[in-house]
Amino acid sequence: MENYNQTSTDFILLGLSPPPKIGHFIFILINFVFLMALIGNLSMILLIFLDIHLHIPMYFLLSQLSLIDLNYISTIVPKMVYDFLYGNKSISFIGCGIQSFFFLTLAGAEALLLTSMAYDRYVAVCFPLHYPICMRKRVCVLMITGSWMMGSINSCAHTVYALRIPYCKSRAINHFFCDVPAMLTLACTDTWVYECTVFLSTTIFLVFPFICIACSYGRVLLAVNRMHSAEGRKKAYSTCSTHLTVVTFYYAPFAYTYLCPRSLRSPTKDKILAVFYTILTPMLNPIIYSLRNKEVMGALTRVIQKIFSVKM
């Protein structure tokens, strides 16, 4: 095994470490996913901005989700591509801290934003008459601002700790980005106290929001079953199943990685699971929300027609 021990303060990102025969295929696949994520999320943001029919709380929150995903995947993949092309896997001490900060901020903000989206659907289905009041513009802005602020505060605490602890001679991080748990395996000091704070933080940002989402959709399903309109039930089921699909793709691998004891995890398993919530989910979100949503597809048709009518 190659020795990455060094005396400088730079870290080494070992990456996905695929077999040489499939390394180029994975590189091409990751680039394709990255391109799809950029196109999908940018298109969703522009579509919601351009079409007045989508200027409602649900799509306002969705545009923020696309913005987060756009930054989320851009924090991870460009560095992976650069490392593959130039064979330079090093990342500076400060650069690692910056990447870790943005990753944790965006991850926390997305977890809380998904909870806000679940609350939006809960109010829309269970209390439709109160929806204009409960989900007025000020409330949406507070939800989004709160998600970003709480995500950044949590991220700042974890990043500062990761940058202050002493590291041993080996600076080889067995991951494809500066993930704090992977960095802690290189620490020269006992980190069990910090691991307890990671468990607490994960509980606050993943477990509690997931419980809230599950309770919200439990109430939504009960309300949907009492609907007299078959079309209304179909629309509600479609919206709920779409959101639950996104939540499952995002929460499940994240929760397993950060809640499972270190003794039961392996670097390979952590990297595979990380691919889901850092690379695949940002690509899948706009696809899931657009292909399974008639309002989004209708807005896309109207915008395309408007563009062609202007050209003609």
Side-chain angles (χ1 to χ4, degrees), residues 1-34 37 72-107 155 158-159 161-191 194-195 198 202 253-283:
M1 181 177 177
E2 190 173 356
N3 188 5
Y4 286 102
N5 289 357
Q6 57 183 39
T7 57
S8 71
T9 58
D10 289 357
F11 286 104
I12 299 293
L13 295 174
L14 298 184
L16 291 173
S17 305
K21 291 183 179 180
I22 63 171
H24 285 83
F25 171 75
I26 291 178
F27 171 75
I28 294 171
L29 184 62
I30 288 176
N31 275 278
F32 174 76
V33 170
F34 178 63
Y72 200 18
I73 195 168
S74 299
T75 302
I76 307 295
V77 174
K79 174 60 179 170
M80 293 176 64
V81 173
Y82 177 85
D83 290 347
F84 184 87
L85 289 176
Y86 295 97
N88 180 16
K89 296 185 177 183
S90 67
I91 182 170
S92 68
F93 188 74
I94 298 300
C96 198
I98 292 172
Q99 187 186 55
S100 177
F101 173 78
F102 279 108
F103 164 72
L104 290 173
T105 297
L106 295 164
S155 173
H158 287 287
T159 304
Y161 177 86
L163 294 180
R164 288 176 63 88
I165 61 175
Y167 289 97
C168 299
K169 289 185 178 180
S170 175
R171 294 300 183 97
I173 301 174
N174 197 359
H175 217 302
F176 55 85
F177 70 99
C178 291
D179 192 24
V180 173
M183 294 169 65
L184 292 182
T185 60
L186 308 178
C188 294
T189 183
D190 191 3
T191 59
Y194 176 72
E195 289 177 17
V198 170
T202 305
F254 227 134
Y256 181 86
T257 300
Y258 285 84
L259 290 178
C260 188
R262 188 190 296 181
S263 58
L264 300 179
R265 302 194 335 252
S266 68
T268 301
K269 188 182 295 183
D270 285 351
K271 286 189 281 188
I272 292 172
L273 291 174
V275 168
F276 279 91
Y277 57 78
T278 61
I279 300 176
L280 293 181
T281 300
M283 180 200 70

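Counting from 1, the numbers follow the sequence of the chain as shown.
At least one donor-acceptor pair closer than 3.5 Å links the side chain of Lys271 to the backbone N or O of Gly15. Side-chain N or O atoms of Thr281 include one that pairs as donor or acceptor with a backbone N or O of Phe276 at under 3.5 Å. Looking only at distances, a side-chain donor or acceptor of Thr159 sits under 3.5 Å from a matching main-chain atom of Ser155. When atom types are taken as modelled, the side chain of Thr191 and the backbone of Tyr194 share no donor-acceptor pair closer than 3.5 angstrom.
Residues Leu14 and Lys89 share a closest heavy-atom pair of O-NZ, 3.3 Å. Closest approach of Ser100 to Val180, counting heavy atoms only: OG-CG2, 3.3 Å. In terms of heavy-atom proximity, Asn88 sits nearest to Lys79 at O-NZ, 4.0 Å. Considering every non-hydrogen atom in both Cys178 and Gln99, the closest pair reads N-OE1, 2.9 Å. Counting all heavy atoms, side chain and backbone alike, Asp10 lies closest to Ser92 at OD1-CA, 3.5 Å. Residues Pro78 and Ile73 approach most closely at CD-O, 3.7 Å, considering heavy atoms.
Aromatic pair Tyr72/Phe102: ring centres not closer than 6.0 Å. Separation of the Phe84 and His24 ring centroids falls under the 6.0 Å cut-off.
Using bins of under 30°, 30° to 60° and over 60° for the plane-to-plane angle, the ring pair Tyr167/Phe93 lands in the perpendicular bin. Between Phe177 and His175, the two ring planes are perpendicular [angle over 60°; tilted spans 30° to 60°].
Looking only at side-chain heavy atoms (C-beta outward), Phe11 and Met183 come within less than 4.5 Å of each other. Side chains of Phe176 and Val275 form a contact here, defined as non-hydrogen atoms less than 4.5 Å apart. The closest side-chain heavy-atom distance from Tyr277 to Pro282 is not below 4.5 Å. In this structure, Met80 and Phe34 have side chains that are not in contact, with every pair of non-hydrogen atoms separated by 4.5 Å or more. A heavy-atom distance below 4.5 Å is found between the side chains of Tyr161 and Leu184.
The OG atom of Ser90 sits 12.5 Å away from atom CZ of Arg171, with the distance rounded to the nearest 0.5 Å. Note: Leu13 CG to Ile76 CD1 = 9.5 Å, rounded to the nearest 0.5 Å. Interatomic distance, CD1 of Ile272 versus OG of Ser266, reported as 7.5 Å (0.5 Å rounding).
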Task: Working for side-chain contact (heavy atoms from CB on, under 4.5 Å), residues Asn174 and Asp270 - done: CA-CA 10 Å; Asn174 197 359; Asp270 285 351; over 6 Å; no
- [ ] Determine, stepwise, if the pair Ile173 / Cys96 fulfils side-chain contact (heavy atoms from CB on, under 4.5 Å).
- [x] CA-CA 10 Å; Ile173 301 174; Cys96 198; 4.0 Å; yes
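Checking each of Val33, Ile279, Asn31 against Val77 for a side chain to side chain contact (heavy atoms under 4.5 Å, CB included) leaves exactly one that passes, namely Ile279. Across Thr257, Thr278, Thr268, a single residue satisfies side chain to side chain contact (heavy atoms under 4.5 Å, CB included) together with Leu273, and that is Thr257.
A donor and an acceptor atom, one from each side chain of Asp179 and Tyr258, are located under 3.5 Å apart.
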